[in-house]
Amino acid sequence: MSALTQVDYLVIGGGPAGLQAGYFLEKNGRDYLIVERSNTPGSFFTRFPRHRTLISSNKVHTGWSDPEMRLRVDWNSLLSDDGPLFTAYSPRYFPPADDMVRYLADFARTQGLRIRLDTRVTRVTRPADGLFTATDQNGNVIRARRIIVATGVSRPYVPAIEGVEEAERYDTVTVDPADFTDQRVLVIGRGNSAFETADNLIETAAVIHVAGPGSLKLAWRTHFVGHLRAVNNNFLDTYQLKSQNAVLDGDILRIARQPDGTYLVSVRFARVEEVVKDIPYDRVILATGFRFDASIFDEDCRPDLVIKDRFPQLTSAWESVNVPDLYFAGTITQSLDFKKSTSGFIHGFRYGVKALSRILERRYHDRDWPHTDLPATADAVGDAIVARVNRTSALWQLFGFLGDAVLLGTDGGARYCEEVPVAHLHEAAARGEFGDLAGYFAVTLEYGADHDQVDPFDVTVTRTPQRDTGGLDARYLHPVVRQFLPDGTGKPVAEHHLTENLENEWADPDVHVGPLASFLAPRLSAADGLPVGGASAAPRP
């Protein structure tokens, strides 16, 4: 017999994002339910990555006692007041995926999260009364005022290639290297799953080609951890040191299965005047990533998609642009910082979910964003900023995306709000959601302009001297403080960069603290709290 449940919040998906959302809903005393299609939280990690080693850092030994700072190098733990932390589950820097499964199950249990396992949502509708209706595989119905979708990217992304259906897929192909002995193998894709697959076959395959459009991007250069990581780039040695393997830069035009079971693949090369060449292979593997599956949503509440229909299109509050009260959490939110920051990964989206919980609390439960009141003086504001940038993990991980906000009231006071999405800050300030403001500062950690265009190991490239008090040209991670008016434009009227530092410590009185105070002082009027124009460092265009 089917059952009916009604809640304020339905979280669809019991992976790390869904559990993180549940944690904050539980902490805030909200009426919620998490549903998970499998018999264990985090079932994604029972299958992926296929070669069973995570590439998310698990640095157990840091030399730091501060738990906030330790999260800077702990990419797997979820946020909570009392744990558990993933670092207790494995000493390995790149830990086994099975440890993640154990960790997530323990997290759900120890935090007392309300989760219903073996519950696969098959349909979501929104009748005229405005409540969402979710139906599971057994006909059970859950009605909810709001939904948080945390299902991850669950469907393979299949590019438009003629004959692509003939290829084997990353999610189903055998991972036994012996099955590829003496074979010519093509791996289509340029991300970590493609190179992970290729690296697994180096000892057995005769020839391995990895192919895809555009230039190959390395994470150590772009600072986007979704680009090729060093742990997966051993394959590049076998290419550049002439060991029969190669990276093909270009487009795959067609895949043709031959009568003998082999393949003939047409490749249009990008760096050889678009020459097209037909290349024979014994195996073709498609490793082109995954996409969000919106098929459970009826037309009356189906979210719009972006980036080749791979992700939901979101507002700055993680809400669907076309379906009110439909929110998203986890890797499917990366459309907001696609290939720029870390919303696609646990160490990034855990802070995004925390910020989402604060947005929900303000919108629906009349709770202000947590803040600290400060005197609107250069010393008080500067000290608060320096203390935060030297400790925060949220701004460190979601660099350039989350920021601390110093809100300057028309009454002359100042409030310090931590971990506000910068785009949301501009919009909310313009709408008056942070009260009557004369102006505000946003504090972020960022890499410098064009940082991905510079080889960080090229000693001929000059880096900003660490005694330079300007810091405007710093390319490594460093704090940036920008001044804004509450006009919704998001255009700074002034900005100041704290010079980069090898140890990521920005507390030198002469290099960091003093210049920041000099920047803030003329912009904080003790008389009326109004920001003053002008800039010690001109705002970037």
Side-chain angles (χ1 to χ4, degrees), residues 66 68-69 371-392 394-396 399-400 402-420 422 425 429 434 437-449 463-486 491-540:
D66 185 343
E68 175 74 8
M69 293 190 67
H371 64 272
T372 301
D373 292 322
L374 295 173
T377 64
D379 285 345
V381 173
D383 287 348
I385 291 173
V386 168
R388 276 286 293 166
V389 298
N390 281 288
R391 182 170 183 261
T392 173
L395 273 58
W396 175 278
F399 51 87
L402 283 186
D404 285 356
V406 181
L407 308 177
L408 306 177
T410 54
D411 60 358
R415 287 172 290 151
Y416 198 106
C417 297
E418 298 180 359
E419 301 168 23
V420 187
V422 174
L425 170 63
F434 284 106
L437 300 180
Y440 58 94
F441 295 94
V443 182
T444 55
L445 291 177
E446 300 178 18
Y447 293 93
R463 294 189 68 161
T464 301
Q466 297 204 5
R467 301 301 299 178
D468 183 348
T469 59
L472 188 62
D473 295 324
R475 290 193 175 94
Y476 190 64
L477 196 69
H478 65 284
V480 183
V481 182
R482 294 185 176 91
Q483 177 192 11
F484 297 91
L485 298 177
K491 295 182 178 180
V493 296
E495 73 181 65
H496 176 75
H497 293 241
L498 279 71
T499 299
E500 63 185 58
N501 179 269
L502 176 64
E503 303 293 337
N504 302 305
E505 295 173 354
W506 300 283
D508 187 290
D510 299 322
V511 177
H512 304 117
V513 180
L516 174 60
S518 297
F519 169 78
L520 293 171
R523 295 166 177 83
L524 294 166
S525 169
D528 56 15
L530 293 175
V532 179
S536 64
R540 296 190 185 280

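Side-chain atoms are counted along with the backbone in the values below, which use heavy atoms only and exclude waters and symmetry mates. For this chain, numbers begin at 1 and follow the sequence in order.
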Would you check if [X] and [Y] make a side-chain contact, meaning some heavy-atom pair closer than 4.5 Å?
X      : Y      : value
Thr444 : Val422 : yes
Thr392 : Glu68  : yes
Asp66  : Arg391 : yes
Val389 : Val443 : yes
Tyr416 : Asp404 : yes

Reported [atom1]-to-[atom2] distance for the pair [X] and [Y], which is rounded to 0.5 angstrom:
X      : Y      : atom1 : atom2 : value
His497 : His512 : NE2   : NE2   : 13.0 Å
Glu495 : Phe519 : CD    : CZ    : 8.0 Å
Asn504 : Trp396 : CG    : CH2   : 3.5 Å
Leu425 : Phe484 : CG    : CZ    : 7.5 Å

For Phe399, the ring pair (Phe, Tyr, Trp, His ring centres under 6.0 Å) test, sequence neighbours excluded, returns Tyr447
Show the nearest heavy-atom pair for residues [X] and [Y], with the distance to one decimal.
X      : Y      : result
Phe434 : Ala429 : CD1-N, 4.0 Å
Leu407 : Cys417 : CD1-SG, 3.7 Å
Val420 : Ala405 : CG2-CB, 4.4 Å
Arg415 : Leu437 : NH2-CD2, 3.6 Å
Tyr440 : Pro486 : CE2-CA, 3.9 Å

For His496 and Leu516: C-alpha separation, side-chain torsions, deciding distance, then whether side-chain contact (heavy atoms from CB on, under 4.5 Å) applies. CA-CA 7 Å; His496 176 75; Leu516 174 60; 4.0 Å; yes
Glu418: salt bridge (Lys or Arg N to Asp or Glu O under 4.0 Å) partners, not counting sequence neighbours: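 By the salt bridge (Lys or Arg N to Asp or Glu O under 4.0 Å) rule, Glu418 matches Arg388.
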Who passes side-chain contact (heavy atoms from CB on, under 4.5 Å) against Val513, sequence neighbours left out?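 Applying side-chain contact (heavy atoms from CB on, under 4.5 Å) to Val513 gives Val386.
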Stepwise, does the salt bridge (charged side-chain N to carboxylate O under 4.0 Å, His left out) test hold for Glu446 with Arg482? CA-CA 12 Å; Glu446 300 178 18; Arg482 294 185 176 91; 2.6 Å; yes
Contacts of Asn390 that satisfy side-chain hydrogen bond (donor to acceptor under 3.5 Å, both in side chains) - sequence neighbours left out: none
Any side-chain to backbone donor/acceptor pair from Gln483 onto Val493? Under 3.5 Å, distance only. no
Which pairs of donor and acceptor atoms, one on a side chain in residues 378-385, lie under 3.5 Å apart (sequence neighbours left out)?
none

